[in-house]
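Data first, discussion second: the structure below is written as structure tokens.
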Number of protein chains: 2
Amino acid sequence: MTTIALVDDHKIFSDSLASLINDFEGFTVCWSAQDGAKAIQLLQQNAQKPDIVFLDIVMPGMSGLDVAKWICDNKKDIKVLALTMEEDDNSVIQMLQYGVRGYLLKNIGAEELRMALEQVVKFGYYYTPIITSNIHKHVEKKNQSGNVPEIKDREKELLNHLCTEMPYAEIAKKMFLSESTVDTYRARLFEKFEVKNRIGLILKAVNMGLVKL
Amino acid sequence: MTTIALVDDHKIFSDSLASLINDFEGFTVCWSAQDGAKAIQLLQQNAQKPDIVFLDIVMPGMSGLDVAKWICDNKKDIKVLALTMEEDDNSVIQMLQYGVRGYLLKNIGAEELRMALEQVVKFGYYYTPIITSNIHKHVEKKNQSGNVPEIKDREKELLNHLCTEMPYAEIAKKMFLSESTVDTYRARLFEKFEVKNRIGLILKAVNMGLVKL
DNA sequence: TGGAGATTGGGGGTTTTACCTGTTGGAATT
DNA sequence: AATTCCAACAGGTAAAACCCCCAATCTCCA
């Protein structure tokens, strides 16, 4: 039996959610808290350690982000699922960085909720399709950042080195080229990418997905 | 009834996969092809237009990546699911850029397969947890890139401008500071982040998640 | 076989960065 | 009132980055 804790300031919401989850086979809600501080307090008492914590992001007082950070830092074996209205990119990224195991929007149906729970139990992770579709959009956006210029192998090689702390002299050594040649290539890259700077070049190349930092 | 086409050079694999899928309620395999060229030919004839194409990545001749690109360019309403042994980051990113709707590893079980199909039908997207966990690892890696130094508001502001094509003179104008002051802040940031370069600073800041490009 | 184009390199310049050692003035502390 | 702290600023210097024009090879290929 997988135990679940709910953290949400809207009591009626967590109560109804609890009733829904308790109807699912194999899942039970062990407790629910109305704010972040109380949730952490309950987790510290260790009385009823849940397998999964459903966490609302927007709450008065301690925010869901803070609670997520605390849990991911102090109770690594508890899986945190974020539950929120916000489709905000920033908080998604923030949560992912904290180590949250999934991200649900509050407008999901009961069916997707069960699917999410099962996936988390089986695989440890679940991201709602909206989120993955965000990743998708995010990646597709990169393709729209101007036309990717044609670059030759040697230029591409230089491009990768340019996205580095290395000064040109070092790059020249690594590529077995003279500094002048590196300079010529650099100039061509600047032209092709229509940038004024090594920094501008890096930004464009990253946005086009040509290099990964 | 959702129709599915299979593209895989291992005939025995696509045959058995077809039999498995045909056992799923609501899904049927309309055809299968042994290589990319034949798949595109069948898609062009438009005889049996599938809802979903299961695409093997590694194939002799035309690779799955090429086929994916073709479908996403020419038949946007067909959902492409990549199916592969490779957990290689590069091909994942490549496929995502082409607009693939999901990514499955060949070692998935029948159950996850059905889950994937149902999710694609319902939501349009499915990424195997391994992949999302890759995203996860990728994101978590960022947290391990050294301790995030404490930076004041004004420094943070400068940091954002530094991740830009702007030279210092322009940044100074934007921040209503003299160039000298910008320079002192810059020096402090270099020190705090332990970098030698504006570029090094950008790299570290991005990896720490302090700025987004 | 001559020319187009890719690759590699040089010389000589300006601009921008990066680093250094300072000073001033205001706010907070004690 | 004296001290500490810090944001803001100055000037100078050396290094790195950036920009232009040009040249020697080499391959390819029409």
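Proteins get letters first, then strands, A, B, ... in listed order; numbering begins at 1 in each.
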Practice prompt. Encode nucleotides 15-22 of chain C as B, S and - characters from 5' to 3', where the letter depends on protein heavy atoms closer than 4.0 Å: B to the base, S only to sugar-phosphate, - to neither.
Written response: --SBBB--
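- Across all strands shown, A/T181 has heavy atoms under 4.0 Å from base atoms, whether or not it also approaches the sugar-phosphate.
- Taking atom CE of residue A/M175 and atom C1' of nucleotide C/dG9, one finds them 14 Å apart after rounding to whole Å.
- Take A/K192 and apply the side chain to side chain donor-acceptor pair (under 3.5 Å) test, not counting sequence neighbours, and it matches A/E155.
- Identified under the side-chain hydrogen bond (donor to acceptor under 3.5 Å, both in side chains) test for residues 160-171 of chain B, with sequence neighbours left out: none.
- Stem regions for DNA chain D, each three or more consecutive Watson-Crick or G-U pairs with both distances under 3.5 Å and listed by first number, read C:1-30 with D:1-30.
- Contact record, B/E179 with B/A169: OE2-CB, 3.6 Å, taken as the closest heavy-atom pair.
- In this structure, B/S180 and B/E155 both approach DNA chain D, and ranking their closest nucleotides by distance from the 5' end singles out B/E155.
- B/N74 pairs by the side chain to side chain contact (heavy atoms under 4.5 Å, CB included) definition with B/W70, not counting sequence neighbours.
- In the model, B/D51 has no side-chain atom that pairs as donor or acceptor with a side-chain atom of B/T2 under 3.5 Å.
- By the side chain to side chain donor-acceptor pair (under 3.5 Å) test, B/K49 is found to be paired with B/D77, residues two or more places apart in sequence or in another chain being considered.
- One interatomic measurement links the two molecules: CZ of B/F176 to C1' of D/dC9, which rounds to 17 Å at whole-angstrom precision.
- B/T181 and B/T184 form no side-chain donor-acceptor contact under 3.5 Å, judged by distance and modelled atom types alone.
- In this structure, the CD atom of A/E157 is 11 Å from the P atom of C/dT7, given to the nearest Å.
- Because its NZ or CZ atom is both nearer than 6.0 Å to the ring centre of A/F190 and within 45° of the ring axis, A/R186 counts as a cation-pi partner of that residue.
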